[in-house]
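Nothing fancy with the numbering, it's 1 onward along the sequence. Both counts, for ligands and for their atoms, begin at 1 and track the order of listing.
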Amino acid sequence: MTWWRRPPEGPARIVAHRGASGYVPENTLLAFQRAYELGADAIECDVHLSADGQPVVIHDRTLDRTTSGRGPVSALTVAELRMLDAGAWRGPEFAGLRLPTLAEVLDWARGRLPVVIELKSDPPHDRALPGAVWAVLRETAMEDRCLVISFAPDLLRAFRAAGGESPIGLLGMRPDPDLIAGARDLGAVMALPYVGLVDERLVARAKAAGLGLGVWTVNDPETAQRLDRLGVDAITTDYPDRLRAALRAGVR
Ligand code: G3P
Ligand code: CA
């Protein structure tokens, strides 16, 4: 049984969205550590490239919202990015947190949790990102413990073209284009729809196509219980402990 599929007798996997981002600053080592402590089955993180070509873990294309920096992530080197504060925006108690590289996150995750890595696809797509991520996956020997996901099929194709062998998953926000067909055509192991797209029919279509189904982003316990009853494989949340409790309480 692969880690992204629900176990035969168990509940859906719980994936911590940007770490335990409901509690502490997203996409930081603290957020991933907290997710681990709160019982997540896996962590999700977002990656962009630095000016010197290293994948770094941050959600936005620009630094403004979540760090003390300004402008595009891609304008600064890793050494420059590491000088920024990535915690104070959530409160003074988090001041001093740093923006991690993907390599640091994977080194931390080894022996702890699998990692879902989202290749961010804000236009223009960075064609060098998939190959750089694959290089880090190999250097850290985490190829088999990661799922590489994106909204952009061309970035997932570029990951394969760069030699990337890790499992991949396609994210979808809208009913069109068809997510299940798109994921199947890419050779993905998972389709990852926005929660508003998920119903019994979509779950059945994913199963018929041999795909896992991972749903994002769900913080409401009752919605999580409904999705679990529908048979989804994974649920991404900002509050892994809340969902763990909800899925336990929802056991039939
Ligand atoms: O896991 C999917 C989800 O993370 C996609 O949305 O904006 O949080 O990266 P976003
Ligand atoms: Ca993401």
Just by modelled atom types, is the [Y] backbone N or O under 3.5 Å from a matching donor or acceptor in the [X] side chain?
X: D228; Y: A12; value: yes
X: E44; Y: V116; value: no
X: R13; Y: A42; value: no
X: R112; Y: W108; value: yes

- [ ] Could you state whether V215 and I14 fall into the same hydrophobic cluster, counting links through intermediate Ile, Leu, Val, Met, Phe, Trp or Tyr residues with side-chain heavy atoms under 4.5 angstrom apart?
- [x] yes

Check ligand 1 against [X] and write out every atom of the ligand that is under 4.0 Å from a heavy-atom position of the residue.
X: K120; result: 7 (O), 9 (O), 10 (P)
X: H17; result: 3 (C), 4 (O), 8 (O), 10 (P)
X: R18; result: 7 (O), 8 (O), 10 (P)
X: L171; result: 2 (C)
X: D46; result: 9 (O)

- [ ] Identify whether the distance between the nearest side-chain nitrogen and carboxylate oxygen of R98 and D85 falls below 4.0 Å.
- [x] no

Open item on the list: Closer than 4.0 angstrom, basic N to acidic O: yes or no for D41 and R244?
Closed with: yes

Considering non-hydrogen atoms of the protein only, which is the closest contact for [atom], and what is the distance?
atom: atom 1 (O) of ligand 1; result: E44 OE2, 3.4 Å
atom: atom 5 (C) of ligand 1; result: E118 OE1, 3.6 Å
atom: atom 10 (P) of ligand 1; result: H59 NE2, 3.3 Å

Open item on the list: Assess, by modelled atom type and distance only, whether the side chains of D238 and H17 contain a donor and an acceptor separated by less than 3.5 Å.
Closed with: yes

Task: No-hydrogen, no-angle side-chain donor-acceptor test under 3.5 Å, H59 and R18 - done: yes

- [ ] With 3.0 Å as the limit, jot down which protein N, O or S atoms are around the Ca ion (ligand 2).
- [x] E44 OE2, D46 OD1, E118 OE1

Got a list of side-chain donor-acceptor pairs under 3.5 Å for residues 145-153, not counting sequence neighbours?
residue, atom, partner, partner atom, Å
S150, OG, L119, O, 3.0
S150, OG, A152, N, 3.1

